[in-house]
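See structure below.
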Amino acid sequence: MAARSFEKSERLRKLPPYLFAEIDKKKKAAIAAGRDIINLGVGDPDRPTPLPIIRSLQKHVEHAPFHQYALDQGAPEFRRAVAAFFKKRYGVEVNADNEVIGLIGSKEGIAHLPLGVLNPGDVSLVPDPCYPVYRTFSWFSGAETHLMPLRAENNFLPDLDAIPADVWRRARLMFLNYPNNPTAAVASRAFFERVVGLAREHGFVIAQDAAYAEMYYDEPPPSILEIPGAKEVAVELHSFSKTFNMTGWRLGFAVGSAPIVAALAQVKANCDSGIFTAIQFAGITALEQYDELTRPIRQLYRERRDTLVSGLRSIGWTVPTPPATFYVWIPCPAGFTSTELCTKLLDEADIVTTPGVGFGSTADGFIRMALTVETPRIKEAVARIGSLKLPPG
Ligand code: PLP
């Protein structure tokens, strides 16, 4: 008897098409054809992990007890290092025993948190544009999403006054992400205060994604946990990936409300068996040497950011200077959608960029460039864009 043909789950079939697919296909074809592509598309640091972190892993990988399952919410030593970092960086006391949990990269925590918080019929408040995992796992939890547009005129913060009363009543989770991918915006303490007040009033959980918290240029951005009362309603998700050039290592942590951390821990206990302990110990080295290790990384991105922003301005584009992240969020020149502009840049200048629409329909008037190539290549990219003679942005 012929086997019934496989059909993937309804959950997967309901996901919107992968909006970067077309550009991705073109990019691969261009690389295969041997074209000299400048890739400003990926948010993945091009420089290696700093040597002290690598050395720390090399040392700890030889320790046999670390070869076993890493059950628990992260090694106690790792959680204590996170608590010490939080005290030093933000002035916030957190209890390493029950307010900290290690993550296999922050994406893992972002994906699993909704499964521990949401029920079918609940509303998850999700920014638009956003890192797509917020939407996907809110849906996988059976919840509805209510999109909160992020617009330039509101400094890419959600307009909290525009959210209807009946949505507030059903809201059980709100995702925030500051410093923001893709818009590079930062949130003030005043904004966080307002959201914490609303979460306490309406009874929803705040998941503040702080993956870019250490990638800033001037003022270090605040943690939402600095706000009085936040610790009862919020968790903040942090990542080693961009901060220390460690995307491939898969290491992050969540900090915040003990019962919310416990719910996340319960989801994780049912599906993963912890983070390789040697990686956690290398993470301790990273946190202990945070100041020395992150300063040169920030300096590098500052040089690249200033090169790209001033270069694009010199050819007539309107480009705001990003205060944080390694992204530059650029309004499209007149007459272009984000996909049209990215396609033109790839076809005619061999430059890969990311269309805003891939992060949400609100962002179709923008493209994102990542500062993940060396400065001479950024200059080359600007020269190539200049030769296209596009109308001003
Ligand atoms: N959050 C945002 C906003 C991101 O852009 C990314 C990665 O690009 C992540 C989380 C995931 O980072 P990690 O490597 O810690 O899983």
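Order of listing sets the numbers, starting from 1, for every ligand and every atom in it. Just so you know, residue 1 is the first one in the sequence shown, and it goes up from there. The shown structure was predicted, so the numbers you read here are calculated from the model rather than taken from an experiment. Any value given below was found using the heavy atoms of this structure, including those in side chains, with hydrogens, waters and symmetry copies removed.
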**Message:** Starting from atom 15 (O) of ligand 1, what is the nearest protein heavy atom, named by residue and atom, and what distance separates them?
**Reply:**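 Ranked first by proximity to atom 15 (O) of ligand 1 is S239 OG, 2.6 Å.
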**Straight-line distance of S9 OG to F140 CZ, nearest 0.5 Å** =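 One finds 6.5 Å between OG of S9 and CZ of F140.
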**Message:** Tell me if the CD atom of E348 is crowded by more than 12 foreign heavy atoms within 6.0 Å.
**Reply:**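 More than 12 heavy atoms, drawn from other residues, nucleotides or ligands, come within 6.0 Å of this atom.
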**Asked** What atoms of ligand 1 come closer than 4.0 angstrom to any heavy atom of G105?
**Response**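 So the answer, numbered in order with elements, is 15 (O), 16 (O).
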Quick test of your reading of the structure: of [options], whose heavy atom lies closest to [atom]?
| atom | options | result |
| --- | --- | --- |
| atom 3 (C) of ligand 1 | T325, D209, T247 | D209 |
| atom 8 (O) of ligand 1 | R250, K242, M246 | K242 |
| atom 5 (O) of ligand 1 | Y134, Y178, Y212, W249 | Y212 |

**Prompt:** Between the side chains of S239 and S241, is a donor N or O closer than 3.5 angstrom to an acceptor N or O?
**Reply:**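 Result is yes, a qualifying pair exists.
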**Asked** With no hydrogens and no angle check, do the side chains of Y134 and D209 hold a donor and an acceptor under 3.5 Å apart?
**Response**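 Yes - a donor-acceptor pair under 3.5 Å links their side chains.
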**Request:** Over 60° means perpendicular and under 30° means parallel, so classify the ring planes of W168 and H202, tilted if in between.
**Result:**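 Parallel: the ring planes of H202 and W168 meet at under 30°.
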**Request:** Determine, using heavy atoms of V133 and all atoms of ligand 1, whether some pair is separated by less than 4.0 Å.
**Result:**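 Checking ligand 1 against V133, which is what was asked, there is no heavy-atom contact under 4.0 Å.
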**Prompt:** Is D72 salt-bridged to R79, going by a charged N under 4.0 Å from an acidic O?
**Reply:**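 R79 and D72: salt-bridged.
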**Asked** Taking N or O atoms only and a 3.5 Å limit, does Y131 qualify as a polar contact for ligand 1?
**Response**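 No, Y131 has no N/O under 3.5 Å of an N/O on ligand 1.
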**Request:** Would you mind telling me if ligand 1 is within reach of the side chain of S106, the backbone, both or neither, using heavy atoms under 4.0 Å?
**Result:**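 Contact part for S106 vs ligand 1: both backbone and side chain.
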**Request:** Quick one: look at N180 and ligand 1, take heavy-atom pairs under 4.0 Å, and tell me if it's side chain, backbone, both or neither.
**Result:**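 No part of N180 is near ligand 1 at this cut-off.
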**Message:** Taking the cut-offs as 6.0 angstrom to the six-membered ring centre and 45 degrees off its axis, would you call R305 and Y217 a cation-pi pair?
**Reply:**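 Yes, a cation-pi geometry holds between R305 and Y217.
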